[in-house]
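Notes follow once the structure below has been shown.
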Amino acid sequence: MKYIHGLEDLDSLVGEGVAVGQSLQIDQMMLDQFLELCGDTNKIHRTSPSNSQPIIPGNFLISLVPQLLQSQMSIHESIECFTVGYQMIKFRAPVRVQDTVIFNADISSVRCVKKARHVVYDFTFRNQDQSKVSMEGQMTDLYRKV
């Protein structure tokens, strides 16, 4: 757990792992809820007699990144955080229903902009069974005093 009491605490975290080895099994119910919410009708994402192990949509994995990161950080109530962008997203191998993915993220840079901090995280999802990187990319968050 990383404790952020002030914006300056972020500066010392460059190069450190924020989320290391978090595992998550993606089940059918999680997939069904996501597909319903976003209206995805792509057959490769749906369970059917000919597709017993559908592929998890990339947007589903991307949507997990802020939640998984924030679960490993304790941010003082005087600081708010917003995700402001994703960069360099690459899908390397499919993730399927019932796969367990391992999430890792570290802070690659912190920039002071006005009275805020732009924090860039490098992250990966690795399939536990295959040890292959399934997805990698960067996410930028903006931290500022309330």
Side-chain angles (χ1 to χ4, degrees), residues 1-40 42 44-47 51 53-146:
M1 180 70 68
K2 302 293 181 187
Y3 296 92
I4 311 300
H5 301 288
L7 294 176
E8 61 282 352
D9 293 342
L10 293 161
D11 301 337
S12 65
L13 296 177
V14 174
E16 286 196 30
V18 177
V20 180
Q22 284 183 275
S23 65
L24 175 70
Q25 184 177 41
I26 301 172
D27 62 29
Q28 187 67 51
M29 187 173 78
M30 292 168 70
L31 175 60
D32 290 344
Q33 288 174 341
F34 181 81
L35 295 175
E36 179 69 27
L37 180 67
C38 68
D40 186 330
N42 189 327
I44 66 170
H45 300 151
R46 299 272 175 182
T47 303
N51 187 15
Q53 285 193 302
I55 295 174
I56 304 300
N59 283 334
F60 177 83
L61 293 174
I62 292 169
S63 74
L64 295 173
V65 174
Q67 172 192 351
L68 292 170
L69 276 171
Q70 295 304 317
S71 73
Q72 298 302 303
M73 299 177 76
S74 175
I75 301 169
H76 191 272
E77 63 188 30
S78 67
I79 298 172
E80 58 187 2
C81 174
F82 303 96
T83 298
V84 295
Y86 294 92
Q87 305 83 32
M88 300 171 52
I89 303 293
K90 296 178 183 160
F91 299 98
R92 304 285 189 192
V95 175
R96 298 183 180 278
V97 169
Q98 299 306 324
D99 281 354
T100 298
V101 292
I102 308 298
F103 178 73
N104 289 292
D106 59 83
I107 295 177
S108 60
S109 69
V110 176
R111 289 185 304 124
C112 184
V113 178
K114 297 185 181 178
K115 294 183 179 183
R117 297 291 194 283
H118 283 212
V119 178
V120 177
Y121 299 92
D122 291 332
F123 66 86
T124 60
F125 281 97
R126 187 175 295 276
N127 191 311
Q128 183 180 29
D129 296 336
Q130 301 168 358
S131 296
K132 292 180 183 175
V133 171
S134 298
M135 185 180 86
E136 63 187 351
Q138 292 182 328
M139 183 182 81
T140 302
D141 278 351
L142 172 71
Y143 291 81
R144 67 181 183 194
K145 291 266 188 185
V146 177

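Just the heavy atoms: all of them, side chains too, but no hydrogens, waters or symmetry mates, feed the values below. Counting begins at 1 with the first residue of the sequence.
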Whether the side chain of Asp106 engages the backbone of Val18 through a donor-acceptor N/O pair (distance < 3.5 Å, no angle test) should be reported. no
Flag the pair Leu7 / Cys112 as yes when at least one side-chain heavy-atom distance between them is below 4.5 Å, and no otherwise. no
State, with a plain yes or no, whether a side-chain heavy atom of Val65 is found less than 4.5 Å away from one of Tyr121. no
Residue Glu36 excluded, over 12 heavy atoms near CD under 6.0 Å: no
For atom CE of Met1, is the number of surrounding heavy atoms from other residues, nucleotides or ligands below 6.0 Å larger than 12? yes
For Gln28 and Thr47: C-alpha separation, side-chain torsions, deciding distance, then whether side-chain hydrogen bond (donor to acceptor under 3.5 Å, both in side chains) applies. CA-CA 9 Å; Gln28 187 67 51; Thr47 303; 2.9 Å; yes
Does Arg46 use its side chain to pair, donor to acceptor, with the backbone of Asn51 at less than 3.5 Å? no
Between Phe103 and Phe125, what is the ring plane arrangement, given parallel below 30°, perpendicular above 60°, and tilted in between? tilted
Whether the side chain of Asp99 engages the backbone of Val95 through a donor-acceptor N/O pair (distance < 3.5 Å, no angle test) should be reported. no
Where is the tightest heavy-atom contact between His45 and Ile55, given as atom of each residue plus distance? CD2-O, 2.9 Å
Side chains of Gln98 and Gln25: closer than 4.5 Å at any heavy-atom pair? yes
Using the side chain to side chain contact (heavy atoms under 4.5 Å, CB included) rule, pick out the option among Ile107, Leu13, Ile4 that qualifies with Val119. Ile107
Check whether any side-chain N or O of Thr140 sits under 3.5 Å from a backbone N or O of Val84 as a donor-acceptor pair, and report yes or no. no
Looking at residues at least two apart in the chain, or sitting in another chain, which of them share a salt bridge (Lys or Arg N to Asp or Glu O under 4.0 Å) with Arg92? Glu136
